[in-house]
Amino acid sequence: MWLSSSCRYLSSLLFIVFISLLLTACDDDSHQEIALNAEGFPDLSKVVAYSDTTPKQYLECAKNYRNSCLVSQFPPIGLTLNTAVTLADIEQRVFVSHPWMAEHFLSALALLPPEILPLFRSVGAIVIADDIRPSFYSANTATIYIDPRYLWRNEQEWLTIIAKQDFRDQFQSNVQFLPVRQSVDSDGNYATWVSNDYAENNSMRTTEQLLPALFRLLVHELTHVVDAIPPTSLTSLDPRRTIYQNISAMTPLNQTLYDRFPLQDDLLFDVAKVLYDGVTPSYEVSTLNALQVGAHFEVEGASDLYGYSNRKEDMAMLFQSYMMYEHFGLQDRFLFLSQSDGIAMGCGRYTVEWGQTGRMFYPLVYERMMLAAEVILQRDLPAISASELKSMQIPTGTSWCEIINE
């Protein structure tokens, strides 16, 4: 989290980025280059196939996210099917370091909205392992790699997860504001979810309690999968080329979004590079306060600041907003907080300098969100009722205590 340990009890309320890691293209176009010393990348040496009938070469391809197998060696799930994707099909592509991870994942998936299943057609595999943090998608393998913190249900399972911080947390100290994302209901009440961290008052979790956060994560990562390999393009994949070579030859679905509604604020792009890529901030970014960054963000069309890190993340954050509202009735609240150094701890230390409830209903954000959802789902969607299309500003100077206790 981006707060000091003295106020860890606020951590579950702060903006958590459920995102894919950024990979840079290399000169050899058979795979994406991933630095050997890159922070955040897991070892996966203990990962095995959950199903005894999974082809052995699938395991090696899924584990080696630094390279890319041929499509003939590691075809996406939908390429091997003539029917709709089922839970049994997905089970064949689950690889884990501990069996409980697959068991909980499949149990939760069975309870999630079935609309999510077709999005797995372009997936190569689902890997869940003790040292994955944060979750990510790799274009080398068309695979999503899931942090097991989303799935543990008791202390015994928690203790099998390797203690590992999200490497991006350190970047927050390079700016003077704190970006926060919350999910709220139609009345603006904060949706209280169980924390992904074990604690005395959070030592047991049910499958049902895991669903909202897991759904949000899966929707985000599956957007990356579909964005890179649209299900309608599966039959056009060249089996003699690698997964990454095939992806590189395609136009991503996010191009449709950017042809019509590109993000344009250069300062916010610079801020995102600092917060999410660890780039050294310019003087302008390092002196930017919460009110100023909020003013830039307000008039743009992103649902989340993370959308400025790259087009793929912008697309994923928009679709995530749509799906969470459609299936859980939750909308976004996005805030930029300032921090008072004179107060040692507690919610009183933070003040909302800019905030908006129902960010997804801000007119430009709404248009972009609906387009992103239609592109990913490949169908026309009915407009959300006009009575629900409300984005409301939170008064500048509102205490963080007031927000979390309302």
Side-chain angles (χ1 to χ4, degrees), residues 2 14-25 40 134-137 166-182 216 219-221 223-224 227-228 252-322 332-337 353-356 359-360 362-369 371-373 375-376 391:
W2 291 342
L14 293 181
F15 173 54
I16 305 172
V17 188
F18 303 113
I19 49 120
S20 63
L21 297 177
L22 308 179
L23 310 175
T24 56
S135 304
F136 66 101
Y137 161 75
D166 186 326
F167 70 95
R168 296 161 300 184
D169 292 352
Q170 61 189 305
F171 304 149
Q172 178 59 44
S173 62
N174 292 325
V175 297
Q176 295 186 17
F177 55 86
L178 184 69
V180 175
R181 181 193 189 96
Q182 293 179 310
R216 187 168 68 174
V219 164
H220 186 103
E221 301 304 342
T223 304
H224 294 318
D227 190 9
L253 292 181
N254 66 63
Q255 187 63 49
T256 301
L257 177 66
Y258 272 73
D259 284 343
R260 288 186 57 186
F261 301 115
L263 296 179
Q264 302 185 61
D265 194 300
D266 289 338
L267 180 61
L268 294 179
F269 285 117
D270 290 341
V271 168
K273 290 176 184 176
V274 173
L275 282 176
Y276 310 120
D277 295 344
V279 172
T280 301
S282 64
Y283 175 79
E284 186 176 18
V285 171
S286 65
T287 57
L288 194 65
N289 63 40
L291 183 60
Q292 291 168 333
V293 71
H296 280 262
F297 183 72
E298 180 176 345
V299 297
E300 282 270 288
S303 65
D304 193 289
L305 184 62
Y306 192 67
Y308 289 89
S309 60
N310 62 62
R311 295 182 178 189
K312 298 187 292 291
E313 299 302 345
D314 181 29
M315 188 83 159
M317 297 308 294
L318 290 166
F319 186 57
Q320 173 183 306
S321 294
Y322 173 81
D332 304 323
R333 174 187 283 158
F334 203 87
L335 315 126
F336 291 101
L337 308 183
E353 300 297 340
W354 181 92
Q356 195 172 58
R359 172 64 182 173
M360 60 189 285
Y362 184 77
L364 181 55
V365 179
Y366 176 78
E367 285 189 272
R368 299 181 82 246
M369 178 188 71
L371 177 58
V375 168
I376 293 296
S391 61

Working for side-chain contact (heavy atoms from CB on, under 4.5 Å), residues Gln320 and Thr223: CA-CA 8 Å; Gln320 173 183 306; Thr223 304; over 6 Å; no
Gln264 side chain to Glu300 main-chain N or O, any donor-acceptor pair under 3.5 Å? no
Among Val365, Leu305, Val180, find the residue that satisfies the side-chain contact (heavy atoms from CB on, under 4.5 Å) test when tested with Phe334. Leu305
Taking every non-hydrogen atom, the tightest pair across Val285 and Leu267: CG2-CD1, 4.1 Å
Before you tell me yes or no, could you show the steps for Leu275 and Val175 under side-chain contact (heavy atoms from CB on, under 4.5 Å), namely the whole-Å CA-CA distance, both residues' side-chain angles and the distance that decides it to 0.1 Å? CA-CA 8 Å; Leu275 282 176; Val175 297; 3.8 Å; yes
Can you tell me how far OH of Tyr137 sits from NZ of Lys312, rounded to the nearest 0.5 angstrom? 9.5 Å
Heavy-atom closest pair (Phe336 atom, Gly294 atom, distance to 0.1 Å) is CD1-CA, 3.7 Å
Answer yes or no: is there a side-chain heavy-atom contact under 4.5 Å between Arg311 and Pro252? no
Arg260 side chain to Arg368 main-chain N or O, any donor-acceptor pair under 3.5 Å? no
Phe171 side, atom CZ; Thr280 side, atom OG1 - distance, nearest 0.5 Å: 10.0 Å
Between Gln172 and Phe177 (side chain of the first, backbone of the second, donor and acceptor by atom type, cut-off under 3.5 Å), is there such a pair? yes
Tyr362 versus Val299, closest heavy-atom pair with distance: OH-CA, 3.6 Å
Distance-minimising heavy-atom pair for Ser321 and Met369: CB-SD, 4.0 Å
Are more than 12 heavy atoms from other residues, nucleotides or ligands located less than 6.0 Å from atom CD of Glu284? no
Sub-3.5 Å donor-acceptor pair from the side chain of Asn289 to the main-chain atoms of Gln292, do we have one? yes
Once rounded to the nearest 0.5 Å, what's the spacing between atom OG1 of Thr287 and atom CD of Gln176? 6.5 Å
Could you tell me if Glu313 and Tyr276 have a donor-acceptor pair between their side chains, going purely by distance under 3.5 Å? no
How about Leu257 and Val375: do any of their side-chain heavy atoms sit closer than 4.5 Å? no
Where is the tightest heavy-atom contact between Asp227 and Ile376, given as atom of each residue plus distance? N-CD1, 4.3 Å
Distance from Leu318 atom CG to His220 atom NE2, nearest 0.5 Å? 10.5 Å
May I ask you to establish whether Arg181 and Tyr306 are in a cation-pi arrangement, using a distance under 6.0 Å from NZ or CZ to the six-membered ring centre and at most 45° from the ring axis? no
Could you tell me how the ring of Phe319 sits relative to the ring of Tyr322: parallel (under 30°), tilted (30 to 60°) or perpendicular (over 60°)? parallel
For the pair Glu353 and Val293, evaluate side-chain contact (heavy atoms from CB on, under 4.5 Å) and give the outcome as yes or no after the intermediate values. CA-CA 9 Å; Glu353 300 297 340; Val293 71; over 6 Å; no
So, Asp332 side chain and Met360 main chain: donor-acceptor pair closer than 3.5 Å or not? no
Approximate separation, where rounding is to 0.5 Å, of Leu263 CG and Tyr308 OH: 4.5 Å
Check Met315 against Ala372 and note the closest heavy-atom contact, atom names and distance. SD-CB, 3.9 Å
Here the gap from Asp314 atom CG to Ser303 atom OG, rounded to the nearest 0.5 Å, amounts to 7.0 Å
